[in-house]
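Since the structure comes first, as structure tokens, the remarks are kept for the end.
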Amino acid sequence: MKVQLYNTASRSVEEFAPIHPPEARIYSCGMTVYSFAHIGHLKTYIASDILRRTLEFAGYEVRHVMNVTDVGHMTSDEDEGDDKMDVGAKKEGLSPWELARKYEEHFFNTIREVNIIRPQVICRATEHIQEQIELIQRLEKNGFTYITPAGVVFDSNKFDRYADFARLQLDGNIENFRTAADPDRKSPQDFSLWVLNKPNHVMQWDSPWGRGYPGWHIECSAMAMRYLGEELDIHTGGIDHIPVHHTNEIAQSECATGKTFARFWVHSAFLNVDGTKMSKSLGNLYTLDDCRAKGFTPLALRYFFLQSSYRKPINFTWDALEAAQTALAKIWEFCSELPAPSVEPLEDYLSEFRAALYDDLNTSAALAVVHKLIKSDADPAAKARTLFKMDDVLALDLATSRTRLNDLRTMRGATQDSEQKALELAQQRQELRKQKNFAEADRLRGEIEALGFTVMDTPAGPQVKPLG
RNA sequence: GGUGGCGUACCCAAGUGGUAAGGGAACGGUCUGCAAAACCGUCAUUCACCGGUUCGAAUCCGGUCGCCACCUCCA
């Protein structure tokens with residue numbers, strides 16, 4: 001069975017076949033590291049992680065490259081004249097380099113917590129200036145550039161397929177919707193390859209055209225080619241990149257090489273919060289740290305995303321995350337009581353699971369198979385083997401469920417002290433129950449609940465568990 | 001102005017021609033001194049609305065209404 005993926009380039013689901021089997025070469029657009037990664041970023045990177053794990057599940061050897069955009073590029077409305085990297089650096093009293101490293105580190109720490117496999121190659125734009133210059137020179141040699149006082153510009157009119165990928169209508173009034181960063185551009189959709197004459201910009205390098213810095217789009221093309229060759233199997237990113245960033249990547253890459261830049265374009269839809277766009281100004285921009293502060297384990301967020309499709313916008317609410325965490329905790333409870341796994345997995349469940357994933361990464365259907373298996377009357381040891389195999393893709397830490405449950409307990413605010421105290425009360429209550437003093441026993445349960453625990457009378461004696 | 005998406009139970013959500021997955025919540029039962037946990041069961045004759053095609057539609061076609069995102073650095 002082959003993996004089927006929705007390809008933005010054709011707007012249809014296609015069968016995946018790599019150019020250099022058994023290797024699958026994936027390039028993922030990484031983050032611009034001027035601020036904290038938020039849960040919207042995680043949605044996108046979890047999607048590319050599921051893609052990567054699914055391909056590995058299917059037997060491909062995945063070579064995964066992700067960039068780090070550590071050169072600032074654009075002016076934001078309120079900070080006229082400086083780019084975000086410079087603005088952020090000034091605000092925090094750091095150099096742009098220090099700022100980039102700080103948020104880069106935060107980003108990779110964050111994605112590790114939701115079990116995203118770190119790409120084999122992480123490449124920084126600032127460390128590949130030479131590759132970018134060389135690519136611009138190729139474009140210049142092929143006649144796709146022109147120079148203005150603002151820098152070297154890509155001439156989109158020389159590339160007749162420019163509008164195809166995003167289905168842009170260039171004869172419309174696109175000029176009203178694309179900021180005129182450079183009054184000397186021939187067309188509003190033309191874009192910078194190398195920026196000149198920005199003396200206030202902190203990061204600057206020498207180039208054949210003068211001192212300056214690379215345009216945003218060129219870094220991805222240059223680094224993707226450096227590490228994966230001129231033709232990629234899959235290029236991933238957020239859906240917002242289709243009209244500008246990926247359109248420009250395709251233009252500059254294909255005009256330089258004459259080859260198809262990427263066979264598959266896989267885009268993740270955006271995450272909304274409470275039915276609307278997530279943004280700092282609305283106060284609904286959340287990070288993984290915010291989730292943890294509210295008592296959620298990072299994997300609850302991963303489970304939440306897996307419940308729906310990467311290709312559909314998802315609406316984040318705290319209630320929805322709560323439901324996801326409850327469901328995940330129940331799976332962990334189940335797995336923590338499984339015996340040692342058998343040697344052979346249950347092929348029928350596994351193939352149903354596989355079919356779901358190969359159908360354009362239908363994680364929602366894949367999770368349904370997980371629940372079906374859990375509820376089945378199959379042999380527990382075989383269930384364990386099968387579930388752990390599925391977890392190669394899901395990455396919900398099923399094999400270490402017991403530890404995860406303990407972490408969750410700690411996270412939910414159950415301190416060692418209060419748990420100890422609750423347990424002592426529970427033991428006193430047990431004595432009262434033996435004496436049939438139920439009124440007093442119920443009073444003690446009230447006290448235990450006030451501490452944030454619920455009592456469970458088990459054959460092995462009373463146990464306490466954090467509420468909620 | 002352009003591009004794309006969405007509207008399925010109380011909530012999240014899968015399903016793109018064959019008669020509504022899954023999860024959460026809720027409710028009923030078993031168990032229990034009472035609970036908790038666990039287990040069993042119940043929970044959309046119906047998929048925004050109207051019309052059409054079809055033996056058959058949540059799925060296809062036409063129309064209507066509503067919601068959202070992107071087109072500017074953006075995951």
Side-chain angles (χ1 to χ4, degrees), chain A residues 8 11 13 28-32 34-35 37-48 69 72-77 79 83-85 87 107 163 166-181 189 216 236-245 247 267-272 275-279 303-304 306-317 319-328 330-331 333-334 337 356 359 362-372 375 433 436-439 441-442 445 448-449 453-458 462-465 467:
Chain A
T8 303
R11 311 286 159 119
V13 175
S28 293
C29 271
M31 241 188 78
T32 303
Y34 69 93
S35 187
H38 52 66
I39 55 177
H41 293 115
L42 291 180
K43 177 186 187 295
T44 297
Y45 296 117
I46 286 173
S48 56
T69 300
H73 290 111
M74 266 304 293
T75 306
S76 66
D77 297 339
D79 306 309
D83 84 42
K84 287 188 171 182
M85 210 73 142
V87 171
F107 173 69
R167 309 200 170 172
L168 303 172
Q169 296 217 346
L170 299 178
D171 52 351
N173 53 355
I174 188 171
E175 62 275 13
N176 294 336
F177 296 91
R178 282 209 182 172
T179 310
Q189 68 274 12
W216 175 39
T236 72
I239 202 164
D240 54 310
H241 281 147
I242 296 170
V244 180
H245 184 49
T247 288
H267 290 103
S268 171
F270 261 30
L271 170 128
N272 292 323
T276 187
K277 178 188 169 134
M278 177 171 65
S279 76
Y303 187 93
F304 172 68
L306 263 42
Q307 278 183 308
S308 91
S309 159
Y310 78 94
R311 213 142 58 76
K312 278 191 180 177
I314 191 168
N315 186 35
F316 177 89
T317 63
D319 282 351
L321 186 60
E322 179 76 47
Q325 173 147 298
T326 303
L328 176 60
K330 283 187 179 177
I331 294 174
E333 296 268 6
F334 177 83
E337 285 169 15
D359 178 17
N362 191 338
T363 48
S364 178
L367 282 180
V369 179
V370 168
H371 284 105
K372 190 170 143 189
K375 278 196 276 189
R433 291 179 69 226
K436 307 270 183 206
N437 186 351
F438 297 124
D442 285 349
R445 178 165 58 211
I448 293 164
E449 280 170 4
F453 293 88
T454 181
V455 193
M456 294 183 294
D457 297 322
T458 70
Q463 291 185 7
V464 294
K465 193 182 117 172
L467 284 169

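These values consider heavy atoms only, across backbone and side chains, with no hydrogens, waters or symmetry-generated copies. Convention: sequence-line order gives letters A, B, ...; per-chain numbering from 1.
- Taking NE2 of A/His241 as the start and SG of A/Cys29 as the end, the distance is 5.5 Å to the nearest 0.5 Å.
- Nearest heavy-atom pair across A/Leu306 and A/Ile46 is CD1-CG2, 4.1 Å.
- Between the C1' atom of B/A36 and the CE atom of A/Met456 lies a distance of 7 Å, rounded to the nearest Å.
- To the nearest 0.5 Å, atom CG of residue A/Asp442 and atom CG of residue A/Asn437 are 9.5 Å apart.
- Rounded to an integer number of Å, the gap from CZ of A/Phe316 to C1' of B/C11 is 15 Å.
- Between B/G22, B/A69, B/A75, one nucleotide has an atom nearer to the side chain of A/Thr276 than all others, and that is B/A69.
- Only the C1' atoms considered, B/A9 is 26 Å distant from B/G51, to the nearest whole Å.
- A gap of 9 Å separates the C1' atoms of B/C60 and B/U16, to the nearest Å.
- Note on A/Gly40: a base of the nucleic acid sits closer than 4.0 angstrom, heavy atoms only.
- Counting non-hydrogen atoms under 4.0 angstrom, A/Ser268 reaches nothing in the nucleic acid.
- Residue order along RNA chain B, read from the 5' end via each residue's closest nucleotide, puts A/Arg167 first among A/Ala441 and A/Arg167.
- Shown here, B/A36 forms no base pair; nothing in the strands shown gives a Watson-Crick or G-U wobble contact with both key distances under 3.5 Å.
- Residue A/Lys312 has no polar side-chain atom (N or O) positioned under 4.0 Å from OP1 or OP2 of B/C12.
- Nucleotide B/C60 forms a Watson-Crick or G-U wobble pair with B/G52, both donor-acceptor distances falling under 3.5 Å.
- Across all strands, A/His38 comes closer than 4.0 Å to base atoms (heavy-atom distances).
- Taking every side-chain heavy atom of A/Phe304 into account, B/C12 is the closest of B/G33, B/G5, B/C12.
- One interatomic measurement links the two molecules: CG of A/Asn272 to C1' of B/A75, which rounds to 12 Å at whole-angstrom precision.
- The nearest whole Å value for the distance from the NE2 atom in A/His267 to the P atom in B/C70 is 15 Å.
- For the pair A/Leu367 CG and B/G24 P, the computed distance is 11 Å after rounding to whole Å.
- Taking atom C1' in both B/U64 and B/G24, one finds a spacing of 34 Å when rounded to whole Å.
- Nucleic acid contact class of A/Ala323 (heavy atoms, under 4.0 Å, all strands): sugar-phosphate only.
- In this structure, the aromatic ring of A/Tyr45 is not positioned over the six-membered ring of the base of B/A75 within 5.5 Å between centres and 30° between planes.
- For B/G15, the OP1/OP2 oxygens have a side-chain nitrogen or oxygen of A/Asn362 closer than 4.0 Å.
- Taking atom NZ of residue A/Lys436 and atom C1' of nucleotide B/G33, one finds them 7 Å apart after rounding to whole Å.
- Using a 4.5 Å cut-off on side-chain heavy atoms (C-beta onward), A/Phe270 and A/Lys277 make no contact.
- A/Ala320 comes within 4.0 angstrom of no nucleic acid atom, judged by non-hydrogen atoms across all strands.
- Within the shown strands, B/G2 is the pairing partner of B/C70 under the Watson-Crick or G-U definition, both distances less than 3.5 Å.
- We find that CZ of A/Arg311 is positioned 20 Å from P of B/A69, with the value rounded to whole Å.
- At distances below 3.5 Å, not a single donor-acceptor pair connects side-chain atoms of A/His371 with backbone N or O atoms of A/Ala368.
- At a threshold of 4.0 angstrom between heavy atoms, the contacts of A/Asp442 include nucleobase atoms, whether or not backbone atoms are also involved.
- If you take CG on A/Asn315 and OG1 on A/Thr276, they are separated by 9.5 Å, rounding to the nearest 0.5 Å.
- At the phosphate of B/C70, OP1 or OP2 sits under 4.0 Å from a side-chain N or O atom of A/Lys277.
- Positionally, the nearest nucleotide of RNA chain B for A/Ile314 lies more toward the 5' end than for the other of A/Ile314 and A/Phe438.
- Comparing the same atom, P, in B/C6 and in B/G17 gives a spacing of 15 Å after rounding to whole Å.
- Base contact: A/Leu271 has a heavy atom under 4.0 Å from a base atom.
- On the P atoms, B/G1 is 48 Å away from B/C43, given to the nearest whole Å.
- Across all strands shown, A/Asp457 has heavy atoms under 4.0 Å from base atoms, whether or not it also approaches the sugar-phosphate.
- Computed from coordinates, the A/Arg433 CZ to B/U32 P distance equals 11 Å when rounded to whole Å.
- For the C1' atoms, the distance linking B/A21 with B/C12 amounts to 14 Å, nearest Å.
- Among B/C71, B/A75, B/A21, the nucleotide with an atom closest to any side-chain atom of A/Ala368 is B/A21.
- Residue-level contact check: A/His371 touches the backbone only, with heavy atoms under 4.0 Å from sugar-phosphate atoms and none from bases.
- Counting non-hydrogen atoms under 4.0 angstrom, A/Lys372 reaches nothing in the nucleic acid.
- Pairing for B/G17 is absent, with no Watson-Crick or G-U wobble pair whose two atom distances lie under 3.5 Å.
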